[in-house]
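Following: one structure in structure tokens, then a few remarks.
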Amino acid sequence: MAVSYMDYTSPSVQFTYDLSDNLYYQKDRRNYILALSIQQLNTLGNMSILDIYLSKGNVIEPHYHQNASELVYCVSGAAVVSLINPFTKELRHFPIRPRQVANVPQGWWHYEIATEDHTQLLAVFDAPIPEIITGSDLLRLTPANVLAHTYCLNEPQLKEVLAPITDTVIIGPPSDCKTDAVQGLTGSHPAKANSANPAYPPYPVHPATGHSANPAYSFPGYYGQTHGRPYPPDAEYSQQPGVGNGWGHWY
């Protein structure tokens, strides 16, 4: 419900808003997110929206919302919403197409991958300003020596592997992602064919982990696709995400 102290006789009361006026994040002209929260529409109450545009193979990076559930509605194209059920310790994948939804409970680890070009998703939250913690922030801000010691990993190699993650990603893979080499490691590592299932074509190597793209999604351009729906030409890249403090940090 709307805030009880709202003065609906005030000249500043807001009932409409154009989401194209609030660019939340943009990777390129085909992959971007528009946002609506109570900061844009002061009568909105306890909800908010992300209007997400993705081309095939692009990913809303793994993350969770510590203060909100998320209902993902597919407007066009297709996507897979993946989440980890913390009670069963299972990773689940839910493909959605137009007029279908997938629900992510509050605080659950999840991500979305577009499986077609021109994919549009509406993410609806039950909070006026959702908070977010992203996988890229966890990886780049947790000291490598802590990760290496905790999980018995090689610290120098881990530092090299994680070195390319210098900022919050939001939409991955990064625009400068190389599909024929592992970023942060010396030498070239060409993509390998999927020997376990020859029905799938070769797919490229992930820049951070060195693992090939998940054949469950089986799109040839899993990393580095550039096709999709363009954002208006005057869009800026100025808004950058913060760490776990909600959308208010961005606009």
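Positions are given from 1, in the same order as the sequence printed here.
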With heavy-atom distances below 4.5 Å as the criterion, would you say the side chains of [X] and [Y] are in contact?
X	Y	answer
Leu162	Leu147	yes
Phe15	Thr43	yes
Val124	Tyr73	no
Glu70	Glu112	yes
Asp167	Val169	no
Leu44	Leu36	yes
Ser37	Pro128	no
Asn31	Gln26	no

Check for a donor-acceptor pair, side chain of [X] on one end and backbone N or O of [Y] on the other, with a separation under 3.5 Å.
X	Y	value
Asp126	Met47	no
Glu90	Asn85	no
Ser55	Asp117	no
Ser76	His118	yes
Asn58	Ile171	no
Asp51	Leu34	no
Lys27	Pro173	yes
Gln157	Asn154	no

Ring centres under 6.0 angstrom apart (His65, Phe125):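 Here the rings of Phe125 and His65 have centres that are less than 6.0 Å from each other.
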
Can you tell me how far the [atom1] atom of [X] sits from the [atom2] atom of [Y], to the nearest 0.5 Å?
X	Y	atom1	atom2	answer
Thr168	Ile133	OG1	CD1	11.0 Å
Leu139	Leu141	CG	CG	9.5 Å
Ser82	His93	OG	NE2	4.5 Å
Asp137	His63	CG	NE2	12.0 Å
Glu116	Lys56	CD	NZ	8.0 Å
Asn103	His110	CG	NE2	10.0 Å

Please report the shortest heavy-atom distance between [X] and [Y], naming the atom on each side.
X	Y	value
Asn67	Ile129	ND2-O, 3.2 Å
Val13	Tyr8	CG2-CD2, 3.9 Å
Ala102	Phe94	CB-CB, 4.4 Å
Ala35	Gln40	O-OE1, 4.2 Å
Ala79	Thr119	CB-CG2, 4.4 Å
Tyr64	Trp108	CB-O, 3.5 Å

Between Phe87 and Val81, is there a shared hydrophobic cluster once you connect ILVMFWY residues whose side-chain heavy atoms come closer than 4.5 Å?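 Yes, one cluster joins them.
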
side-chain contact (heavy atoms from CB on, under 4.5 Å) partner of Leu121, chosen from Leu50, Ile52, Val75: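 Only match with Leu121 under side-chain contact (heavy atoms from CB on, under 4.5 Å): Ile52.
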
With sequence neighbours left out, write down each residue that passes salt bridge (charged side-chain N to carboxylate O under 4.0 Å, His left out) with Arg92, or none if nothing qualifies.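 Per chain and number, Arg92 pairs via salt bridge (charged side-chain N to carboxylate O under 4.0 Å, His left out) with no residue.
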
Taking it one step at a time, do Ile60 and Tyr111 satisfy side-chain contact (heavy atoms from CB on, under 4.5 Å)? CA-CA 6 Å; Ile60 301 299; Tyr111 53 94; 5.7 Å; no

Side-chain donor-acceptor pair present, Tyr53, Gln120, cut-off under 3.5 Å: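 Present: a donor and an acceptor within the cut-off.
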
Are a donor atom and an acceptor atom from the side chains of Glu61 and Ser136 found within less than 3.5 Å of each other?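 A donor-acceptor contact under 3.5 Å links the two side chains.
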
Step by step, would you call Val101 with Ile96 a side-chain contact (heavy atoms from CB on, under 4.5 Å)? CA-CA 6 Å; Val101 301; Ile96 56 174; 5.9 Å; no

